[in-house]
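Excluded from the calculations below are hydrogen atoms, water molecules and symmetry mates; all remaining heavy atoms, backbone and side chain alike, are included. Residue numbers start from 1 in every chain, and the chains themselves are labelled A, B, ... in the order their sequence lines are given, proteins ahead of strands.
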Protein chains: 2
Amino acid sequence: METGTTDQATDAAAVRLNVLDTLVGYHLRRTSSLFAADFADALGDLGMRQVLFGILSTIRDNPGINQGAAGKVLGIQRPNMVSLVNDLVDRGLIERRVARDDRRAFELQLTQAGAAHIETALERIREHEDLLLRDLTADERQTLIALLTRIERAGG
Amino acid sequence: METGTTDQATDAAAVRLNVLDTLVGYHLRRTSSLFAADFADALGDLGMRQVLFGILSTIRDNPGINQGAAGKVLGIQRPNMVSLVNDLVDRGLIERRVARDDRRAFELQLTQAGAAHIETALERIREHEDLLLRDLTADERQTLIALLTRIERAGG
DNA sequence: TATTGTTATACTCTATAACTATA
DNA sequence: TATAGTTATAGAGTATAACAATA
């Protein structure tokens with residue numbers, strides 16, 4: 001007996017995602033990976049990745065921040081910070097100096113090249129976010145950021 | 001000269017994320033990984049992962065769907081579907097049958113165990129989403145899903 | 001003792017190229 | 001020739017345990 005819907009969904013357009021579509025986690029997963037893929041496409045030629053950009057801009061907004069503190073606020077485990085910071089140092093984008101008051105810690109600073117690099121990257125990121133979010137009004141975009149921020153605050 | 005803000009941000013609470021906080025991609029990254037980690041905590045004992053649950057529920061909502069079609073709608077590459085589907089078959093949660101009309105393709109169906117499993121998982125997922133989203137009203141939650149869905153439609 | 005950064009390591013996730021069998 | 005599924009493999013991303021130097 002025909003019900004009006006097909007039982008055999010081999011055509012992607014006909015596929016239903018009834019349950020998944022009601023789950024916030026699923027939509028976050030999809031949109032997040034959409035943004036990640038676009039970021040890689042848009043900034044891969046600069047050798048820039050989402051994680052690295054996060055570290056760079058955290059250093060820019062908090063000059064002299066410790067490696068560990070930067071990792072903590074970004075949700076990056078300490079062992080994983082090592083090679084990431086090494087990478088940025090090796091490419092001359094940041095400087096790493098032993099802290100005066102705590103010789104275990106490193107203070108991180110942008111170099112001039114790093115400051116220039118982040119400006120270029122930021123321009124491209126904004127262009128690409130504008131494209132990915134072209135269907136949203138400025139208000140809707142602000143609403144989205146506000147909602148996500150509240151989730152982060154409650155959950156982190 | 002003191003400006004009222006500190007130049008040395010070693011305390012996580014004092015760290016500013018000025019630039020990052022304005023980027024939708026960053027917030028999606030953080031919230032998505034928050035949900036992913038919580039999912040793993042909540043459903044790890046069932047051997048359930050986000051990807052696997054996505055496949056299971058896609059099969060539930062589209063009985064007899066082809067392996068490739070399921071992967072396509074979920075954004076999973078064909079090669080990566082193989083071991084995921086194998087896993088679900090090995091655990092007795094789905095059945096894989098050669099399609100009558102195309103002997104290259106597999107039709108996927110939930111087993112009874114799979115149907116039961118997905119109900120248990122779904123209950124827990126909803127509980128945990130309720131917890132993660134406890135600061136949002138029902139309306140705000142709907143708004144969030146609607147906004148994310150529109151981004152997926154525009155970008156995918 | 002506790003903390004900063006490090007090393008080693010392992011596991012998941014994702015991406016690509018090349019193969020097979022069917023169409 | 002094109003497509004469904006497969007194999008092999010490599011690169012990110014992330015997690016834990018154990019260590020050295022310093023606090």
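- By the side chain to side chain donor-acceptor pair (under 3.5 Å) test, A/Asp139 pairs with no residue at all, sequence neighbours left out.
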Would you tabulate the nitrogen or oxygen pairs shorter than 3.5 Å linking the protein to nucleotides 7-13 of chain D?
residue, atom, partner, partner atom, Å
D/dG13, OP2, A/Arg49, NH1, 2.1

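- One atom, CG of A/Asn66, and another, C1' of D/dA21, lie 15 Å apart when rounded to the nearest Å.
- Whole-Å rounding puts the B/Leu74 CG to C/dT14 P distance at 11 Å.
- Between A/Arg100 and D/dT22, a side-chain N or O to OP1/OP2 separation shorter than 4.0 Å is absent.
- Looking at residues two or more places apart in sequence or on another chain, you find a side chain to side chain donor-acceptor pair (under 3.5 Å) between B/His27 and A/Glu152.
- Qualifying side-chain contact (heavy atoms from CB on, under 4.5 Å) partners for B/Asp135, counting only residues two or more places apart in sequence or in other chains: A/Ala154.
- Here D/dA15 presents its P atom at 14 Å from CE of A/Met81, a figure rounded to the nearest Å.
- Taking atom CZ of B/Phe106 as the reference point, atom P of C/dA23 lies 13 Å away to the nearest angstrom.
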Under 3.5 Å, sequence neighbours excluded: what are the donor-acceptor pairs made by side chains of residues 73-86 of chain A?
residue, atom, partner, partner atom, Å
A/Asn86, OD1, A/Arg96, NH1, 2.8
A/Asn86, OD1, A/Arg96, NH2, 3.2
A/Asn86, ND2, A/Val82, O, 3.4

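- Contact annotation: B/Gln77 side-chain N/O to C/dA15 OP1/OP2 distance is under 4.0 Å.
- In this structure, NZ of B/Lys72 is placed 16 Å from P of C/dA15, rounded to the nearest angstrom.
- The separation between B/Phe35 atom CZ and D/dT14 atom C1' is 20 Å, rounded to whole Å.
- Listed by chain and residue number, A/Leu46 satisfy the side-chain contact (heavy atoms from CB on, under 4.5 Å) test with A/Thr120 (two or more places apart in sequence, or in another chain).
- Rounded to an integer number of Å, the gap from B/Ile65 CD1 to D/dG5 P is 10 Å.
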If you restrict it to nitrogen or oxygen atoms, what contacts under 3.5 Å exist between nucleotides 20-22 of chain C and the protein, and what is each distance?
residue, atom, partner, partner atom, Å
C/dT22, O2, B/Arg104, NH1, 3.4

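- Among residues two or more places apart in sequence or in another chain, the side chain to side chain donor-acceptor pair (under 3.5 Å) test is passed with B/Arg97 by none.
- B/Ala105 meets the side-chain contact (heavy atoms from CB on, under 4.5 Å) test with B/Asn66, B/Ala99, B/Asp102; sequence neighbours excluded.
- To the nearest angstrom, P of C/dT4 lies 19 Å from CZ of A/Arg97.
- Between B/Phe35 and A/Ile151, some side-chain heavy-atom pair lies under the 4.5 Å cut-off.
- Here B/Asp130 pairs with B/Arg141 in a salt bridge; the nearest charged N to carboxylate O distance falls below 4.0 Å.
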